[in-house]
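Here is the structure we will look at, set down as structure tokens.
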Number of protein chains: 4
Amino acid sequence: MARGLNKAMLIGHLGNDPEMRVTASGQSVVNFTVATNESFRDNNGNMQERTEWHRIVAWGKLAEICNQYLKKGRQVYVEGRLQTRSWDDNKTGEKKYTTEIICSDMQMLGSGRDQGGQGYDSNPSFQQPTAQKNSFRDDTPDQGGGLSETEKDDLPF
Amino acid sequence: MARGLNKAMLIGHLGNDPEMRVTASGQSVVNFTVATNESFRDNNGNMQERTEWHRIVAWGKLAEICNQYLKKGRQVYVEGRLQTRSWDDNKTGEKKYTTEIICSDMQMLGSGRDQGGQGYDSNPSFQQPTAQKNSFRDDTPDQGGGLSETEKDDLPF
Amino acid sequence: MARGLNKAMLIGHLGNDPEMRVTASGQSVVNFTVATNESFRDNNGNMQERTEWHRIVAWGKLAEICNQYLKKGRQVYVEGRLQTRSWDDNKTGEKKYTTEIICSDMQMLGSGRDQGGQGYDSNPSFQQPTAQKNSFRDDTPDQGGGLSETEKDDLPF
Amino acid sequence: MARGLNKAMLIGHLGNDPEMRVTASGQSVVNFTVATNESFRDNNGNMQERTEWHRIVAWGKLAEICNQYLKKGRQVYVEGRLQTRSWDDNKTGEKKYTTEIICSDMQMLGSGRDQGGQGYDSNPSFQQPTAQKNSFRDDTPDQGGGLSETEKDDLPF
DNA sequence: TTTT
DNA sequence: TTTT
């Protein structure tokens, strides 16, 4: 239920295996990072490469799919909304911020054959997992925003 | 020149007037914030509203258009790529991060009549500004990434 | 539940009032067109304008929101998936095709004050309609694709 | 140079090898189709698959890259704008329409190792082609729309 | 800090 | 920390 648009779309590779946990209220949540690469010609005419790293968060059934099928190195499409969280750094007492993509859609790209996966697509009975944010979720209190403070304290990041 | 996809798309309202400056090398750069609003029903069934704030950076001709036509409160569509910058906080000596959207396309939404603009669309000869990132730029060193360290030190954020 | 990505995103103005109907199975469906404008410089250096027309279809609760709040001339954001239908032209016996955007998200843009609407935003108690495709729908057979042939014959376009 | 937004984004597989030609005015143009797949549960609870076919057109340098590197079966990301063309069917004298995606960005997905390509990524000196629509093009008369009638008659579709 |  |  949006007024306005807040959308991020990435195609890149996972920088680490997904890290999964369950909140106090029983919600699954997964975190991973995705690198997007861009090449451009610098002032001297040489090709340069820049890598941008993105923090991805997925909830519920989508979290479980990410946890089960994604691995470090895997190429993915990720769609979601941008969210900036703040927290107090205990050491310095300062407020810190981090921007994450709250994932609502994920697609595995490539065949998986050479992506370090556990070979799901060599299994003929494999059903490509459906990675759209589970729809019964869309009308429920929004994850992340709707979390109780207890749950927020629980978050592994 | 991308390998992969790194795209953000917003529809929201400016939280402040654009702030423009020119780098040491003569590049125009503008900064502004955009709020996206989302309403959702909380655990108790009450409508809640969440506002997400986004930091927008535009370069070159697009910066000048943003500076000239956008005002606090104006509704806009913004498209760009996500970029996370880090800097050293002089007070604490810590590394800090901020994520921005490097704007490549901007569209003004609504009629402008009631958006605090300077009435550009009451002028019959007005040509809606073209807000696509100036194209001769696409092959040149990418702004933001391609900046010299001097210019980076110069940045007003 | 997608494998792959099939997404269209538009910002434009309605070319007609939405046309609503209910299928034999009781599903609401609405049709309208959206014009997107593009200006470019032609070979002789003159500014030219091109208008592209898009056919939009919405189902269920989203159809009802579109029908209730959208009017010819209104500026909207529309997101959906591309779908090409074919039918047999009775006169010529030939197969014909049309491509539509099956809408999953709609946002009204601008204030509505000068958009020929029925003044919803002058009503202080107005709650901006939520235009995301109703989520309980996402797990049901997909509309449009899942229609019975009877319903398809029924479609008003 | 847009007023409004007209964007399509696909991830899918090529249904045929790209077909390339050069217009009378010397512009390269390439055509290919992309299939996007969607799986959903039908009224009887069985998994169904739907395939949607999209017609892609690319111009200029991007056409040449598509022609050189894409093959039937290859997985790609395609971004572009929707354009509906009409022509007179000589047999029936009727006007017919087709909707295409005028490609402005293309990314090859997966490793290419198992995608029927000519093995470009087994070549260590291979530089991933840059597939963004050539940027000097953005300020020139828009391809497709800016074509002379002669060129349009020439088009191979 | 925006907007409805 | 990914990938080509």
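Residue contacts shown for T36(A) are absent, as no nucleic acid heavy atom lies under 4.0 Å away.
Atom pair E49(A):CD and dT4(F):P shows a separation of 11 Å (rounding to whole Å applied). The CG atom of L70(A) sits 14 Å away from the P atom of dT3(F) (whole-angstrom rounding). With rounding to whole Å, E52(B) atom CD is found 18 Å from dT4(E) atom C1'. Per the geometry, CZ belonging to R50(B) stands 20 Å off P belonging to dT3(E), to the nearest Å. Here the C1' atom of nucleotide dT1(E) and the NE2 atom of H13(B) are 13 Å apart, to the nearest Å. Note: CZ (R3(B)) to C1' (dT2(F)) measures 10 Å, nearest angstrom. Straight-line distance from the CD1 atom of I11(B) to the C1' atom of dT2(E): 15 Å, rounded to whole Å. N6(B) places its CG atom 18 Å from the P atom of dT2(F), with the value rounded to the nearest Å.
In this structure, E64(A) has no salt bridge (charged side-chain N to carboxylate O under 4.0 Å, His left out) partners at least two apart in sequence or on a different chain. Looking at residues two or more places apart in sequence or on another chain, you find a salt bridge (charged side-chain N to carboxylate O under 4.0 Å, His left out) between D89(A) and K96(A).
Candidate nucleotides dT2(E), dT1(E), dT4(F) were compared by shortest atom distance to the side chain of T33(B), and dT1(E) ranks first.
Nearest heavy atom pair, residue G110(B) against residue R74(B), reads O-NH2, 3.7 Å.
Taking a centre distance below 5.5 Å and an interplanar angle below 30 degrees as the stacking criterion, W53(A) stacks against the six-membered base ring of dT1(F).
The base of dT2(F) sits with one of its N or O atoms less than 3.5 Å from a complementary donor or acceptor on the side chain of N37(A).
The cationic group of R50(B) lies under 6.0 Å from the six-membered ring centre of F40(B) and within 45° of the ring axis, placing it in a cation-pi geometry.
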